[in-house]
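Just so it is clear, the structure is predicted and the values come from calculations on it, not from any experiment. The chains referred to below are lettered A, B, ... by the order of the sequence lines, with proteins before strands, and numbering in each begins at 1. The figures here come from the full heavy-atom set of this structure, side chains too, leaving out hydrogens, waters and symmetry mates.
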Amino acid sequence: MPELPEVETTKRGISPHSIGQRIVKVIVRHKKLRWPVDQKALNLLKGKEIFACTRRGKYLELQTDKGSILIHLGMSGSLRIITNEEVGKHDHVDIVLSNGKSIRYNDPRRFGCVVFNQEGDEHRLLANLGVEPLSDDFDNEFLFRQSKKRSIPIKAFIMNGKIVVGVGNIYAQEALFNSGIHPNRPASKVSKKRYTKLTQNIRTVLNEAIKAGGSSLKDFTDADGKPGYFQQTLHVYGRKDEACVICKRKLKQIIIGQRSTVFCSGCQT
DNA sequence: CTTGTCACCTGAGCGC
DNA sequence: TGCGCTCAGGTGACAA
């Protein structure tokens with residue numbers, strides 16, 4: 001489920017149920033996630049109050065004054081607020097709260113993680129992250145400045161979390177299509193003007209997706225809540241061999257950095 | 001430092 | 001029905 005908009009939607013969904021609550025206990029049913037779940041360390045947070053729920057890139061953090069729980073949803077993870085619900089397949093971790101509810105972490109592929117963090121933003125998983133695409137740091141010149149001497153395809157460049165966080169495989173493709181840029185073009189060979197456009201399109205595409213995801217927020221606790229991008233109009237992602245919405249050419253699919261990439265050879269140069 | 005490749009997993013969908 | 005294959009919203013580790 002998770003690109004940045006889904007993570008943001010998740011954050012907004014669990015925040016009202018968790019902020020101000022104390023952590024009663026953390027139940028770990030399967031500790032083999034991307035990183036081992038350290039039950040002992042997480043137990044240090046028992047009785048502590050969650051004073052904030054924050055997002056950094058695609059990472060979520062439940063903050064207490066004795067440390068935080070750092071969560072990543074990987075490819076297939078999700079968090080739900082539950083009350084006395086039967087444990088299902090892939091429900092690996094429960095964070096039991098003082099209001100009787102729990103934050104339940106489910107992740108079939110187990111590419112995500114639930115880790116104890118006492119180092120704040122200095123934590124090794126956070127320390128080297130790039131700028132937030134929805135912040136002021138991601139200005140019209142940022143990508144252009146960073147792209148100097150970079151030969152990698154523009155798509156891999158904007159998906160590099162050390163440059164800018166949260167741009168995943170769906171929205172990278174969409175933003176490049178909307179900007180008319182060929183995904184394989186070397187980053188250093190994209191003009192400043194086009195970077196300005198790309199920057200704006202990345203912002204727009206993410207904001208639209210957050211808006212779409214937000215519309216289903218009231219149903220957040222439903223198991224089958226659709227992530228934002230199912231409600232959004234996607235122009236290229238998943239549309240291989242279909243007609244370009246602009247020029248009607250057949251959309252092509254290529255592989256960039258082991259990730260499939262759909263684009264229009266007419267509109268994107 | 002940059003770039004490209006691998007690894008970690010399960011489940012869905014398809015052709016046979 | 002079942003088997004084998006391919007593919008899927010991510011990203012850290014490592015080699016070159």
Problem set entry | Under 3.5 Å side-chain donor-acceptor pair for A:Gln173 and A:Thr261 | no
Exercise. So, does the side chain of A:Arg109 form a donor-acceptor pair with the base of B:dC9 at under 3.5 Å?
Worked result: yes
Exercise. Which nucleotide, C:dA8, B:dG11, C:dA13, lies nearest any side-chain atom of A:His90?
Worked result: B:dG11
Exercise. What's the CD1-C1' distance between A:Ile152 and B:dG4, to the nearest Å?
Worked result: 10 Å
Problem set entry | A:Ser78 side chain to A:Asn106 side chain, donor-acceptor N/O pair below 3.5 angstrom | no
Exercise. If you check the A:Arg150 side chain, which of C:dG10, B:dG11, B:dT2 turns out closest?
Worked result: B:dT2
Exercise. Hey, is A:Phe111 doing a stacking thing with B:dC8, by the 5.5 Å centroid and 30° angle criteria?
Worked result: yes
For this session: Would you kindly check whether a donor in the side chain of A:Arg110 faces an acceptor in the base of B:dT10, or vice versa, at under 3.5 angstrom?
Result: no
For this session: With C1' as the reference atom in both, quote the distance from B:dA12 to C:dT11 in angstrom, rounded to an integer.
Result: 23 Å
Exercise. Taking atom P in both B:dC6 and C:dT6, what distance in whole Å separates the two?
Worked result: 15 Å
Problem set entry | Presence of A:Tyr171 side-chain N/O under 4.0 Å of C:dG10 phosphate oxygens OP1/OP2 | no
Exercise. Looking at A:Ser260, does any N or O in its side chain come under 4.0 Å of the phosphate oxygens OP1/OP2 on C:dA8?
Worked result: yes
Problem set entry | Pairing stems for DNA chain B [at least three consecutive pairs; Watson-Crick or G-U; under 3.5 angstrom] | B:2-8 with C:10-16, B:10-16 with C:2-8
Exercise. Counting only side-chain N and O atoms of A:Lys58, is one of them less than 4.0 Å from OP1 or OP2 of C:dT11?
Worked result: yes
Problem set entry | Separation between CZ of A:Arg12 and CZ of A:Arg55, rounded to the nearest 0.5 Å | 8.5 Å
Exercise. Do the rings of A:Tyr105 and A:His92 sit parallel, tilted or perpendicular, given the 30° and 60° boundaries?
Worked result: tilted
For this session: Rounded to the nearest angstrom, tell me the gap between atom NE2 in A:His92 and atom P in B:dC9.
Result: 11 Å
Exercise. For residues A:Arg203 and A:Ser135, is any side-chain donor paired with an opposing acceptor at under 3.5 Å?
Worked result: no
Exercise. Using a cut-off of less than 4.0 Å, is there contact between a side-chain N or O of A:Lys89 and OP1 or OP2 of B:dG11?
Worked result: yes
Exercise. Does a donor on one side chain sit under 3.5 Å from an acceptor on the other, for A:Asn178 and A:Glu174?
Worked result: no
Problem set entry | Donor-acceptor pair between A:Lys155 and A:Asn169 side chains, under 3.5 angstrom | yes
Problem set entry | Per A:Gln258 side chain, nearest of listed nucleotides B:dC6, C:dT11, B:dT2 | B:dC6
For this session: Check whether any side-chain nitrogen or oxygen of A:Ser151 sits under 4.0 Å from OP1 or OP2 of B:dT3, and answer yes or no.
Result: yes
